[in-house]
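Order of the sequence lines fixes the chain letters, A, B, ..., with proteins taken first and strands second; residue numbering starts at 1 for each chain.
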Amino acid sequence: MDLSKLERVEEFIYEIPADYRDDMNVPARIVADRSLLEQIKDDLSLEQLINVTTLPGIAFWALGMPDIHQGYGFPVGGVAATKLPDGVISPGGIGFDINCGVRLLRTGIVHRDVRDKIEPLVHELSRSVPSGYGRSGRLTLANAQMVEGVLEGGVPYLVERIGVGEPDDVEFIESGGRIDGANIAFVSEKAKQRGRDQLGTLGGGNHFLEVQVIDELFDEAAAEAMGLVPGELTVLIHTGSRGLGHQVCTDYLREFGRVMAEHDIELPDRQLACAPMSSEAGKRYFGAMCAAANFAFCNRQVLTHRVRQVIARELGEAVDAKVEVVYDVAHNIAKVEEFDGDEYCVHRKGATRAFGPSMPDVPTAYRDIGQPVFIPGSMGTSSFVLVGTDEAAAASLNSTCHGAGRQMSRTAAKKRIGGKELRKELASRGIVVRCPSNAELAEEAPLAYKDVDRVVDVVSQAGIANKVARLRPVGVLKG
DNA sequence: ATGTTC
């Protein structure tokens with residue numbers, strides 16, 4: 001993309017006007033600075049963002065975050081709101097991994113008290129948490145009824161009916177761990193079958209479970225509200241809806257590809273396949289997508305349960321641990337949200353909802369600080385805790401970034417560094433790593449990602465999230 | 001991201 005086409009509309013917001021191409025309905029905007037734009041222009045993400053502006057019913061602008069990169073149809077790191085009732089919903093704007101997201105746990109454990117126990121802890125976590133591509137979990141839902149309970153009942157079902165986790169966990173999950181609108185009738189048997197033994201599994205790719213130390217605070221009041229104390233351990237869980245969500249996405253992409261002509265929708269890229277939210281197919285996808293989102297919240301809930309079991313077993317005697325959910329955010333999802341009295345279908349793909357203090361669905365404990373947001377760095381680099389701002393409503397449709405953002409393909413990363421070499425490098429920095437595959441490890445090498453500090457600084461300077469804390473990894477479990 | 005090209 002030629003950067004001369006971009007107009008600077010705010011200090012950290014650039015715009016490609018709607019008249020740049022005949023088929024654009026709204027402008028494309030990107031939250032970035034000059035140095036990030038130099039990286040962003042090299043892949044097709046800005047062209048993809050322009051394609052998104054052609055969606056029927058799109059409002060405001062298609063918005064890119066500083067961690068934007070190329071994805072399926074939509075870029076990863078993008079936000080698009082379509083006006084209801086007739087605006088479209090597009091599976092490519094949500095992603096194959098429906099409700100991929102991040103959950104942070106605080107432990108109350110002081111790192112220096114357990115320094116020599118990190119290695120056995122990470123080892124035991126790796127035994128308790130199945131990871132890697134295609135791996136199944138230890139908890140196989142006994143019958144179809146249980147699968148359906150999870151898909152429609154979300155985390156409250158898991159806590160109340162199956163006894164997985166604590167009742168207090170529920171309010172510290174986005175949407176209470178249960179998205180209203182889930183409908184199991186619209187989830188294919190094949191999708192349910194794929195999900196049946198995958199609850200409580202990490203998966204592959206960039207999914208991970210990390211043991212971290214709270215390294216630095218930027219906002220002491222917000223950190224206190226979240227129970228984040230420097231020197232204490234946290235656990236960050238990054239995973240999604242596994243094969244179940246993938247199958248839901250595949251099923252509906254195929255169907256939308258067929259029905260688009262019936263709605264007279266023509267788009268510059270078939271990967272943008274979509275259907276009006278008011279259409280029969282659109283309603284079915286929305287119901288299935290919400291169900292897959294509930295599955296993902298439940299996946300992170302089962303993993304939380306595993307972490308609690310392992311910490312109690314490994315460190316229980318040594319410390320007074322209290323493993324609690326700080327918050328759980330989705331970063332691949334579409335939700336119905338209101339702006340100025342109208343309803344929109346807000347697609348966030350590789351973008352995080354970032355509600356400021358005045359928005360609903362922020363837990364009472366965070367009423368004064370805003371909704372927590374977690375930005376995982378690449379493997380072995382720091383992660384960040386942020387909070388949403390009220391400014392984000394107008395600037396970014398209550399959204400912020402989701403991670404460092406890939407800057408090198410998986411193949412390119414493997415050419416640059418081997419898994420063995422990377423293991424050594426992480427070990428030399430005192431990070432315990434458990435990963436079954438050297439190849440997968442290399443694909444996630446830090447050099448394949450943008451600088452997360454830069455990404456976080458840009459969203460913070462743009463006013464769409466505030467920095468609260470930095471978390472430094474001491475143990476990583478990968479797929 | 002993904003029973004890795006139904």
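With rounding to whole Å, A/Lys190 atom NZ is found 6 Å from B/dC6 atom C1'. Rounded to whole Å, atom C1' of B/dT2 lies 19 Å from atom OH of A/Tyr252. Between the C1' atom of B/dT5 and the CG atom of A/Leu253 lies a distance of 16 Å, rounded to the nearest Å. Rounded to an integer number of Å, the gap from NE2 of A/His207 to C1' of B/dT4 is 15 Å. Residue A/Arg242 contributes atom CZ, which lies 8 Å from atom C1' of B/dT2 at whole-angstrom precision. Across the protein-nucleic acid pair, A/Glu440 atom CD and B/dT2 atom C1' stand 11 Å apart, rounded to whole Å. Between the CG atom of A/Asn299 and the P atom of B/dT2 there is a distance of 10 Å, rounded to whole Å. One can place CG of A/Asn99 at 13 Å from P of B/dT2, the figure rounded to the nearest angstrom.
Side-chain atoms of A/Glu337 and A/Asn398 form no donor-acceptor pair, as typed in the model, at a separation below 3.5 Å.
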* Let me see the working for A/Arg21 and A/Asn51 under side chain to side chain donor-acceptor pair (under 3.5 Å), right down to the final yes or no. => CA-CA 10 Å; A/Arg21 228 169 65 184; A/Asn51 290 342; 2.8 Å; yes

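The residue A/Gly240 sits apart from the nucleic acid: no heavy atom pair falls under 4.0 Å. Among the heavy atoms of the strands, none lies under 4.0 Å from A/Gly71.
Using a 4.5 Å cut-off on side-chain heavy atoms (C-beta onward), A/Tyr344 and A/Leu397 make no contact.
A donor-acceptor pair under 3.5 Å is formed between the side chain of A/Lys450 and the backbone N or O of A/Ile68.
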